[in-house]
There are 2 protein chains.
Amino acid sequence: MIRKNGRVTTSATDDLWGEAGPGSRRILEAALTAFAARGYHGASTRDIAAAAGMSPSAVYAHHRTKEDLLYAISLAGHRSALAAVERALAEEVTAVGRLRALVHDYTAWHARHHQLARVVQYELGALAPDHRDEILRLRRRTEEVVLDEIAAGIASGAFRTEDPGGVALAVLSLGVDVSRWYAPGGHHTPVSLGRRYATLVLAMLGTDHRSATAG
Amino acid sequence: MIRKNGRVTTSATDDLWGEAGPGSRRILEAALTAFAARGYHGASTRDIAAAAGMSPSAVYAHHRTKEDLLYAISLAGHRSALAAVERALAEEVTAVGRLRALVHDYTAWHARHHQLARVVQYELGALAPDHRDEILRLRRRTEEVVLDEIAAGIASGAFRTEDPGGVALAVLSLGVDVSRWYAPGGHHTPVSLGRRYATLVLAMLGTDHRSATAG
DNA sequence: ATAGTAACTATGCGAGTGCTTAGTTTTCTT
DNA sequence: AAGAAAACTAAGCACTCGCATAGTTACTAT
C-alpha cells in the first residue's frame with residue numbers, strides 16, 4: 001500500500017525509488033523485474049513498457065534512456081544495501097553481535113531483494129562508465145564497512161584470524177551469491193540464510209558460535 | 001599436456017572443446033570471450049564471427065544456432081569443473097586433505113577459468129529449457145560431491161558442524177562468486193585464493209587449520 | 001469555463017538482430 | 001588430374017532494437 005503526499009507505506013521495498021512519481025515507479029519496478037529475469041540486454045524497452053501497462057514511448061517521458069533505468073535501479077539498490085548494513089550495526093555493541101548482525105542482514109537483504117540484488121550485482125557491466133564508477137564507489141563503502149568491522153573485532157581480541165581480508169571477501173561473496181540462486185518458496189528464507197551464514201562467518205573468526213547473541 | 005591426433009598441446013584450457021575441429025574451436029573461444037564480456041544477449045553473432053576471423057555465416061556451418069554455442073560452452077565448462085573437483089579428491093586420503101584440495105581446486109578453477117566460469121554460472125537462464133536441465137544435472141553432481149565429502153568428514157569425526165548443508169552451500173558460493181569479480185593481474189591468484197578459502201572452510205568445520213596438510 | 005501542463009499513444013526511423021540462401025574457394029581422396 | 005567434401009563469403013530477409021516525433025487525452029489551477 002503506497003500513498004504519496006501524506007505518505008503511508010507498508011511494503012518492504014518502499015522508498016527505494018526516492019522522489020520518483022507513481023508512473024516512474026511502475027516503470028522502474030517493471031524494468032527491475034525484466035532485468036532480473038532476462039538480464040539488461042535480454043530485456044527490451046517494449047517488454048518493460050508492457051509490464052508497466054504503458055506504450056513504449058511513455059517510458060521515455062520518465063527516463064531518458066534504457067541505461068538510465070539501470071542506473072536508477074543500481075543506485076537505489078546499492079543505497080538500500082548499504083543502509084541495511086549500517087542499520088544492522090547501529091543496534092549492536094559487541095564485536096560478535098555486530099558482526100553477526102552485519103552478516104545476517106547483508107545476507108538476508110540479498111535474499112529478500114533477490115531481484116534487485118541480481119541486477120545490482122550482475123549488470124554493472126552494462127552501465128555507462130561514469131555511472132559504473134559512481135556505483136563502484138558505493139560498493140567500496142560497503143566493503144570497507146565489512147573490513148573495518150572485522151578489524152575492530154580483531155583489535156578488541158574478540159576475533160582471531162590470520163586473514164581478515166579473506167574473511168571480508170567471503171562475507172561479501174556469500175551475501176552476493178545468494179541473489180544468484182535464491183528463489184522464494186524454496187526451503188530457505190532470508191532469515192534462515194542470514195543465521196546460517198552468520199554462524200559460519202563467526203566460525204571463520206575463531207569464535208565459539210554458542211556464545212553471546214546480544215549485549 | 002594433451003595429445004590429440006598427433007598434436008601436443010600445453011595450454012590450460014585444452015580439450016575443453018572435445019572433438020571440435022579447429023574452426024569450430026576458434027568460434028567457441030570467440031563466443032566464450034564475447035559472452036563473458038557482454039553477456040549472452042549482449043554479444044552478437046557478428047561480434048563472435050569477427051573475433052573468430054570469419055564471416056557471420058561461417059559460424060552457422062559449425063554451430064546451428066547462437067544458443068548452441070552457449071550450450072556447448074556450458075557443457076564443456078561444467079564438465080571441466082566437475083573433472084577438476086574429482087581430480088582434486090583422487091590425490092588425497094584424509095578428510096582434511098580431501099576437503100582442502102576440493103575447496104582449493106574448485107576455487108582456483110573459477111579464477112583460472114574466470115571467463116568460462118562466468119558464462120557457465122550466470123548465463124544458464126539463456127539456455128533452452130532442455131539444455132538447461134541437462135546442465136543443471138551436471139551441476140547437481142558437483143554439489144553432491146561437496147556435500148558427500150563434508151558428510152564423510154563428519155562421520156569420521158574429522159569435522160564438527162551443526163550445518164553441513166550450510167557449509168556445502170558456502171563452499172559452492174565462494175567458488176562460484178570468484179568468477180564474478182576475479183581478474184588476472186590483480187593481487188589475487190588462483191592458488192592464493194584457493195588456499196585462503198580452503199583455510200576458511202576448514203575453520204567453518206571446526207578443524208584447526210594449522211593441522212594436517214597432506215597424508 | 002479556460003488555459004496550461006503532465007501523462008500518455010500511434011507511428012515509425014535507422015540501425016542492428018539471428019539466421020538463410022546461393023555461390024565460391026580450398027582441401028582431401030583417389 | 002578429377003571429383004567430392006569441407007570451409008568459407010556476399011548478400012540479404014524478416015524481424016526487433018532503442019528511441020524520436022507528433023499528436024491526443026486527463027488533470028489541475030484559477
Side-chain angles (χ1 to χ4, degrees), chain A residues 2-6 17-35 37-74 119 123 125-129 131-132, chain B residues 4-7 17-35 37-74 119 123 125-129 131:
Chain A
I2 291 162
R3 188 195 277 254
K4 215 193 150 215
N5 290 348
W17 309 124
E19 79 279 353
S24 175
R25 217 170 266 248
R26 289 224 319 287
I27 295 169
L28 285 168
E29 260 147 33
L32 171 54
T33 304
F35 290 163
R38 293 181 291 284
Y40 176 78
H41 292 292
S44 75
T45 56
R46 284 164 176 81
D47 288 345
I48 295 167
M54 297 174 179
S55 75
S57 53
V59 170
Y60 289 87
H62 296 280
H63 303 275
R64 287 171 38 261
T65 64
K66 181 186 173 187
E67 192 268 349
D68 234 51
L69 284 172
L70 179 60
Y71 173 57
I73 291 171
S74 295
V119 173
E123 302 292 345
L127 284 169
H131 287 166
R132 177 166 55 236
Chain B
K4 219 217 140 178
N5 283 354
R7 220 185 314 255
W17 310 125
E19 80 280 352
S24 176
R25 218 170 266 248
R26 289 225 317 288
I27 294 168
L28 285 168
E29 261 148 32
L32 171 54
T33 305
F35 291 164
R38 292 181 293 282
Y40 175 78
H41 291 292
S44 75
T45 56
R46 283 165 177 81
D47 289 344
I48 295 167
M54 297 175 178
S55 73
S57 53
V59 171
Y60 288 87
H62 296 279
H63 303 276
R64 287 172 37 262
T65 63
K66 181 185 171 186
E67 192 268 348
D68 234 51
L69 284 172
L70 179 60
Y71 172 58
I73 291 171
S74 295
V119 173
E123 302 291 345
L127 285 169
H131 288 166

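Chain naming here is simple, since letters A, B, ... match the order of the sequence lines and numbering starts at 1 in each.
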Does some side-chain heavy atom of B:I73 sit less than 4.5 Å from a side-chain heavy atom of B:Y40? no
Rounding to an integer number of Å, can you tell me how far A:H41 NE2 sits from C:dT17 P? 11 Å
Contact boundaries of DNA chain D with chain B (under 4.0 Å, heavy atoms), 5' to 3'? D:dC8 to D:dG12
I need the minimum non-hydrogen distance between A:G42 and A:D47, along with the two atoms involved. O-OD2, 4.2 Å
Please determine if a side-chain N or O atom of B:S44 lies less than 4.0 Å away from the OP1 or OP2 oxygen of C:dT17. yes
Here the distance between atom C1' of C:dC8 and atom CD1 of A:I27, to the nearest Å, is 10 Å
My understanding is that only residues two or more places apart in sequence, or in another chain, count here; which of them pass side chain to side chain contact (heavy atoms under 4.5 Å, CB included) with A:R64? A:D68
Applying side chain to side chain contact (heavy atoms under 4.5 Å, CB included) to B:A128 and not counting sequence neighbours gives B:E67, B:D130, B:H131
Heavy atoms within less than 4.0 Å of DNA chain C: which residues of residues 47-63 of chain A have one? Give them sorted by number. A:M54, A:S55, A:S57, A:A58, A:H62
Which atom of B:Y60 lies closest to which atom of B:T65, heavy atoms considered: CE2-CA, 4.0 Å
What is the distance, to the nearest angstrom, from the CZ atom on B:R46 to the C1' atom on C:dC19? 9 Å
Side chain to side chain contact (heavy atoms under 4.5 Å, CB included) partners for B:H62, two or more places apart: B:S24, B:I27
Donor-acceptor list for residues 48-56 of chain B side chains, cut-off 3.5 Å, not counting sequence neighbours:
| residue | atom | partner | partner atom | Å |
| --- | --- | --- | --- | --- |
| B:S55 | OG | B:S57 | OG | 3.4 |

Minimum side-chain heavy-atom gap A:K66-A:F35 below 4.5 Å: yes
